[in-house]
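What follows is a short report on a single structure.
Residue numbers count from 1 along this sequence.
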Amino acid sequence: MSSSNVSYTLRYFDTIGFAESSRMLLTAAGVEWTEEHPEWPQEKPNQPHGRLPVLVEKSTDGSPDFVICESTNIERYLARTYGFLPADLKQAALQEQIRDLMSDVGNLVTGYVQIKNGEDKAELFAKFEKLLETLVKVQTKLLKDNGNTGRMFGDKLSYADIIAYGLYMNMLVSLVKFKADIVDIIKPKLTPEVVKLISTVETDPLVVKHKSRGGSLVTVVSA
């Protein structure tokens, strides 16, 4: 698909959240896109699944708008469309399984924020820490096996790299308002390889124009 005959509208809340990776993919793809912040919950019934994010693809050839929802579905559609996921199904699956592991980590973060009971909250956070350690171990091995270039796959920015950056942005920036010491807890768990991944993604020419609501993640992990 040529980027010249389509444009996109991403609907989400004015926060980092579940749309950060899609914002980065749209920026990296070099396509025309804008973001809308629907009035909520007034606009809830007008969304395909009654929740956000939602991606609207508009074509200049008169075709009907293409509308999809669910954060990982939007990510994968954009990643496949613009080459951040390989066409080879087996190679793509290697990246997508890492995304699913990152989703599980992210879901534990979301659950921690939503749960009010103190004991349940502590138990969930312990599960989060254990799974995060697994994730860092898996990512570190991928990075080492790929020559410690700051990329998990190949020699250019990939879907897996972008998703990893978005997840760490959420954990190290968004979660601070719910757990003030989260940076002090997570930073020691990050290996030099993962820190290099974060820096490599943030400074990649394809995404350097992306201005995250969370500022520079490199600054956070390097402080």
Margin query: Do Val176 and Val105 land in one hydrophobic cluster if side-chain heavy atoms of ILVMFWY residues count as linked below 4.5 Å?
Written below: yes
Notebook entry, point to check: Is a side-chain donor or acceptor of Glu202 paired with a backbone partner of Leu217 at a separation under 3.5 angstrom?
Noted result: yes
Item checked: Residues Arg151 and Asp155 bridged, charged N to O under 4.0 Å -> no
Check: Taking atom types as modelled, is there a side-chain donor on Ser103 or Arg99 under 3.5 Å from an acceptor on the other?
Finding: yes
Note to self: A cation-pi test, strictly: NZ or CZ of Lys179 under 6.0 Å from the centre of the six-membered ring of Phe125 and no more than 45 degrees from its axis. Yes or no?
What the structure shows: yes
Checklist line | Ion pair check, Arg213 and Glu35, cut-off under 4.0 Å | finding: yes
Next item on the list: Would you check if the side chain of Asn170 reaches a backbone N or O of Gly17 as a donor-acceptor pair within less than 3.5 Å?
Entry: yes
Next item on the list: Specify whether Tyr82 and Tyr8 have parallel, tilted or perpendicular ring planes, treating 30° as the upper limit for parallel and 60° as the lower limit for perpendicular.
Entry: perpendicular
Checklist line | Presence of salt bridge, Glu32 and Lys58, under 4.0 angstrom | finding: no
Next item on the list: Check Gly215 against Met169 and note the closest heavy-atom contact, atom names and distance.
Entry: O-CE, 3.4 Å
Margin query: salt bridge (Lys or Arg N to Asp or Glu O under 4.0 Å), that's the test. Do Glu133 and Lys130 meet it? Break it down for me.
Written below: CA-CA 5 Å; Glu133 289 169 358; Lys130 185 174 181 180; over 6 Å; no
Next item on the list: Would you check if Tyr168 and Leu135 make a side-chain contact, meaning some heavy-atom pair closer than 4.5 Å?
Entry: yes
